[in-house]
Protein chains: 2
Amino acid sequence: MDRGPAGRRRVDLELMRTPPPKERADAARNRVKVLEAAAELFASHGVESVSMDAIATAAGVGKGTLFRRFKDKAGLAAALLDDRERDLQDAILSGPAPLGPGLGDTTVSPSERLHAFADAYLDYALSHLSLVRMSETAAPGARYRIGAYGFWHRHLTMLLDQSVDDGDALAHALLAALGAEHLTAMVESIGRKRARAAVHVLFEAAT
Amino acid sequence: MDRGPAGRRRVDLELMRTPPPKERADAARNRVKVLEAAAELFASHGVESVSMDAIATAAGVGKGTLFRRFKDKAGLAAALLDDRERDLQDAILSGPAPLGPGLGDTTVSPSERLHAFADAYLDYALSHLSLVRMSETAAPGARYRIGAYGFWHRHLTMLLDQSVDDGDALAHALLAALGAEHLTAMVESIGRKRARAAVHVLFEAAT
DNA sequence: CACATAACTGGACTACAGTCCGAATGAATG
DNA sequence: CATTCATTCGGACTGTAGTCCAGTTATGTG
């Protein structure tokens, strides 16, 4: 597979975010090569059936490099999702209502914001389901360790606390229904439309 | 699950038309040896850190035997849980109220039965958490394929349908909060007591 | 520019799940 | 008891995730 500069294909996501602490030039080059190779292999063969060896080989990089940078397969998947996830988080933190808080004098009910979150999260998760699933399940308990889970949980807790007693606990329960493993099974058994509806039924019940 | 044909009855309806599939003596012996070895190793070293090789060796059996009989590590865990799980299912189907239907003229509200189910299921799952987790997560999507999931789901659906619209979908959502992976994370982060309370909050909200 | 050193690299290596198939063995039959 | 044959046995084999470390390279300092 010729990956010379001339034939290099653009990855449509901005995947090569540079970490603040100085990164060596060769390391940056390899990070980009790995993410491009992974995106391409995942797209063409399916996330499940691409081995880390295959990614390392396609990227022209050693396995040690791959694992040092991304920790494991879940970390690699998370890196590929990073931008999309960040967009969603930004929209929640500072975007327009009802997903975000809206402008100064906007008033949206917590319930509206909960449903808006459910919709936006499902848009995100369902359109990259196998990647999200990989990022959550490749390592045992990975889902609950990554920062994103904490973010979603804080957001839901904040909204729920305005109308129920134990918002914290309820937030965990609602997030359980948004887990990729569960979403995958739901989509397979009842389809996207009903799976989406089921989430809204649950979120409605929680308020 | 795999308890062999010990309880099978021969049905002589007609001629020798039915070839009786019988378990060979050596196979039965090995099944017992494997289950005993697995139970002991799991108890002493923890489910996660016992390899299938180790179990095969301890049981004095080849790997092929192990995998043919139990399919994979999830299947082995499920076999070890079989009795407990069956007890719970029996109690639900024909035990005393509020967990079971009770005697003829007993009347228990669906809500009561839902909470009784939550309690009983948590008793079961929390006291064998790592085994349950193994049975659900060793293979991807294993949880939703095993028969037990269908059983819990049908039971919840039946109860929920008496008070809400889409009981089926809601049942899936409630079960998501009972997944071993989720329970493990909850117990680690907020402890058994609050995790249990969170499940009840959710079940309460669903009715 | 030369050097010191901290960070990066990459492939050999380990451990584990799961597959395969020739050999061994139990049970039914005559 | 001998024969037949379906079933089971068990260890060699494959493929993958993840580790390790000796050698390499980039970068700050005199």
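Lettering follows sequence order; numbering is per chain, from 1.
Taking the side chain of A/Thr65 as heavy atoms from C-beta on, and the options C/dG10, D/dA17, D/dG10, the nearest nucleotide is C/dG10. Out of C/dT9, D/dC9, C/dG18, the shortest distance to the side chain of A/Asn30 is found at C/dT9. Minimum atom distance to the side chain of A/Arg69 is reached by C/dT9, of the listed C/dG10, D/dC9, C/dT9.
B/His115 and B/His200 have parallel rings, their planes meeting at less than 30° on a 0 to 90° scale where 60° marks the start of perpendicular.
Checking B/His172 against B/Tyr149 by side-chain atom types alone, a donor-acceptor pair falls below 3.5 Å. No hydrogens or angles considered: nothing links the side chains of A/His155 and A/Gln89 as a donor-acceptor pair under 3.5 Å.
Each of A/Ala74 and A/Ala25 lies near DNA chain D, and the nucleotide nearest A/Ala74 is the one positioned closer to the 5' end. Residue B/Phe67 is the one, among B/Arg29 and B/Phe67, whose nearest nucleotide of DNA chain C lies closer to the 5' end (criterion: closest heavy atom). Heavy-atom nearest nucleotides on DNA chain C were determined for B/Asp72 and for B/Asp26, and the one closer to the 5' end corresponds to B/Asp72.
Distance CE (A/Met52) to P (C/dA12): 18 Å, rounded to an integer number of Å. Rounded to an integer number of Å, the gap from B/Glu48 CD to C/dA17 C1' is 14 Å. C/dA17 atom C1' lies 11 Å from atom CE of B/Met134, rounded to whole Å. Atoms CZ (B/Arg68) and C1' (C/dG22) sit 13 Å apart, rounded to a whole Å. At whole-Å resolution of the value, CG in B/Leu66 and P in D/dT8 are 15 Å apart. Atom P of nucleotide D/dG10 and atom CG of B/Asp53 are separated by 14 Å, given to the nearest angstrom. A straight line from CD1 of A/Ile55 to P of D/dT16 spans 11 Å, rounded to a whole angstrom. Straight-line distance from the NZ atom of B/Lys63 to the P atom of C/dT19: 10 Å, rounded to whole Å.
For the pair A/Arg86 and A/Asp90, the salt-bridge criterion is not met [side-chain N within less than 4.0 Å of a carboxylate O].
Counting any heavy atom pair closer than 4.0 Å across all strands shown, A/Ser51 reaches sugar-phosphate atoms only and no base atom. Heavy atoms of A/Ala56 sit nowhere under 4.0 angstrom from any nucleic acid atom.
Applying the 3.5 Å distance criterion, the base of C/dG18 shares no donor-acceptor pair with the side chain of B/Lys73. For A/Arg24 against D/dT27, no side-chain N or O and base N or O form a donor-acceptor pair under 3.5 Å.
Within the 3.5 Å criterion, the main-chain N or O of A/Glu181 finds no donor-acceptor partner in the side chain of A/Arg133.
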